[in-house]
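Encoded as structure tokens, the structure appears first; notes follow it.
What you see is a predicted model; the values in this text were computed from it and never measured.
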Amino acid sequence: FISERAPQKSLNVYKASAANPADAKAITSFKKHPVRFLSRANNGTLAFTYDGEIYTLAAVDGAKPSKVKVNITADYPDEKTTLTATRGARGAKGSPDGTQVAFTYRGDVYVTSVDTPGAEAEVVWANDSTLYYTSDRDGLYNIYRATFEKSADEPDFAHATVVSEEPVFKADKHERTVPEISPDGKKLGFILDRTNLCVMDLKSKDVKQLTTKATHAQRNGGFDYFWSPDSRWIALEVVDKKHDPYSDIAIINVENGRMTNITNSGYFDESPRWILDGNAIAFASERYGMRNHASWGSMSDVFFVFMNQD
């Protein structure tokens, strides 16, 4: 057992018989730190801790405590720290050809490309080796296409050493944003001048305008629209001048441009999505939810509209 009785006056290990417990004898003599966590093995060997170390004591008269040698081997690799640099770069200098910039950060020199000083956004995949996105690098938003040549060493964009980039449209006075590739990969939808939905045939390059400002008068950067799985229709929110700012859900026949308003509710109908393999459209509407007619704020429900009579 452990006791701090004299003469040690610190917790040590003592031994006494059950017949005469008062006749206890110290079998350790540590003075500075207490002994802790005493235990006994089946063969009588004692184990305990002292000053942060593990000791054993054999069950023989006159035995001395023996420190256990402990080897700790890490079973994990060296830890790595990932730093995200958002400030602190110093001494930026542009290259003579204007395509690179060198700077120092945390005692190292870095070089990065400045080929695209404009802001890129709205990235969509056409296939595993083709991306479309918007950029305002020429002063107005335009749509760009990026591609690379697949090979065994360069199977994807992450491993590509050469990426070809080109504008889809020649720069002019118009903005083109929100690219969306049709599911069959043959057409590119986009928004012209923030209000007009257009579709371009990727093979012939012919462009067809499907909507005008009469269906979306806001100029706040575009709007969402969604291709049907068969690439024949587009679902979107429309805002009639008589209902502004309340939106309805409409579908457009991409081939002939005919638009069909499928809600006409007079309340906010929003966020259309094609479901059931294109046989229905789900959307959110506040028409039956709790609402405040005198101010903003309402609760929406999800509605389905079936696109055929099956």
Side-chain angles (χ1 to χ4, degrees), residues 1-95 100-116 119-121 123-125 127-129 131 133 146 148-163:
F1 62 94
I2 293 176
S3 176
E4 58 179 354
R5 65 186 65 187
Q8 282 83 2
K9 295 183 179 180
S10 179
L11 286 173
N12 272 279
V13 181
Y14 284 76
K15 178 174 70 172
S17 67
N20 188 14
D23 185 22
K25 295 181 180 180
I27 58 175
T28 65
S29 56
F30 297 108
K31 292 181 173 56
K32 188 175 181 180
H33 301 288
V35 172
R36 304 283 190 187
F37 310 114
L38 178 65
S39 63
R40 180 181 180 276
N42 290 335
N43 63 0
T45 301
L46 301 178
F48 54 88
T49 64
Y50 173 76
D51 193 19
E53 305 283 353
I54 300 175
Y55 288 78
T56 60
L57 182 63
V60 295
D61 292 337
K64 299 294 184 181
S66 175
K67 185 188 296 187
V68 177
K69 185 178 180 180
V70 178
N71 294 319
I72 300 176
T73 303
D75 60 355
Y76 50 86
D78 294 338
E79 293 185 359
K80 297 181 180 180
T81 301
T82 300
L83 299 177
T84 300
T86 58
R87 64 178 68 182
R90 297 287 188 271
K93 299 291 183 180
S95 64
Q100 303 174 85
V101 61
F103 60 92
T104 60
Y105 178 71
R106 293 175 63 89
D108 291 312
V109 177
Y110 294 84
V111 178
T112 186
S113 169
V114 292
D115 288 342
T116 59
E120 279 75 41
V123 180
V124 294
W125 291 91
N127 52 55
D128 291 341
S129 58
L131 288 172
Y133 49 89
F148 75 97
E149 293 292 334
K150 278 190 173 185
S151 66
D153 294 330
E154 301 180 11
D156 49 40
F157 269 105
H159 297 87
T161 57
V162 178
V163 176

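Y110 pairs by the ring-ring contact (aromatic ring centres under 6.0 Å, His included) definition with F103, not counting sequence neighbours. V109 meets the side-chain contact (heavy atoms from CB on, under 4.5 Å) test with T104; sequence neighbours excluded. Applying the side-chain hydrogen bond (donor to acceptor under 3.5 Å, both in side chains) test to S3 and every residue at least two apart in sequence or in another chain returns R5.
Here CG of L38 is found 4.5 Å from CD1 of I2. Values are rounded to the nearest 0.5 Å.
Residues in residues 86-95 take part in no salt bridge (charged side-chain N to carboxylate O under 4.0 Å, His left out) pair, two or more places apart or across chains.
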Result block: side-chain N/O donor-acceptor pairs under 3.5 angstrom for residues 44-70, not counting sequence neighbours:
residue, atom, partner, partner atom, Å
T45, OG1, N43, OD1, 3.0
T49, OG1, R36, O, 3.4
Y50, OH, H33, N, 3.3

Without placing hydrogens or testing angles, list every side-chain donor-acceptor pair under 3.5 Å for residues 156-163, not counting sequence neighbours.
residue, atom, partner, partner atom, Å
D156, OD1, A158, N, 3.2
D156, OD1, H159, N, 3.1
D156, OD1, H159, ND1, 2.6
T161, OG1, E154, OE2, 2.6

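No donor-acceptor distance shorter than 3.5 angstrom exists from the side chain of N20 to the backbone of A18, with no hydrogens or angles considered.
For the pair K31/N12, no side-chain contact is recorded, criterion being any heavy-atom separation below 4.5 Å from C-beta on.
Of all heavy-atom pairs between P21 and A16, the closest is O-CB, 3.7 Å. The shortest heavy-atom contact between A152 and P155 is O-CD, 4.0 Å.
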Check your understanding: Does the pair W125 and L131 meet the rule for a side chain to side chain contact (heavy atoms under 4.5 Å, CB included), with working shown?
Key -> CA-CA 5 Å; W125 291 91; L131 288 172; 3.3 Å; yes
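Shown here is F37, whose CZ atom has no more than 12 heavy atoms of other residues, nucleotides or ligands within 6.0 Å.
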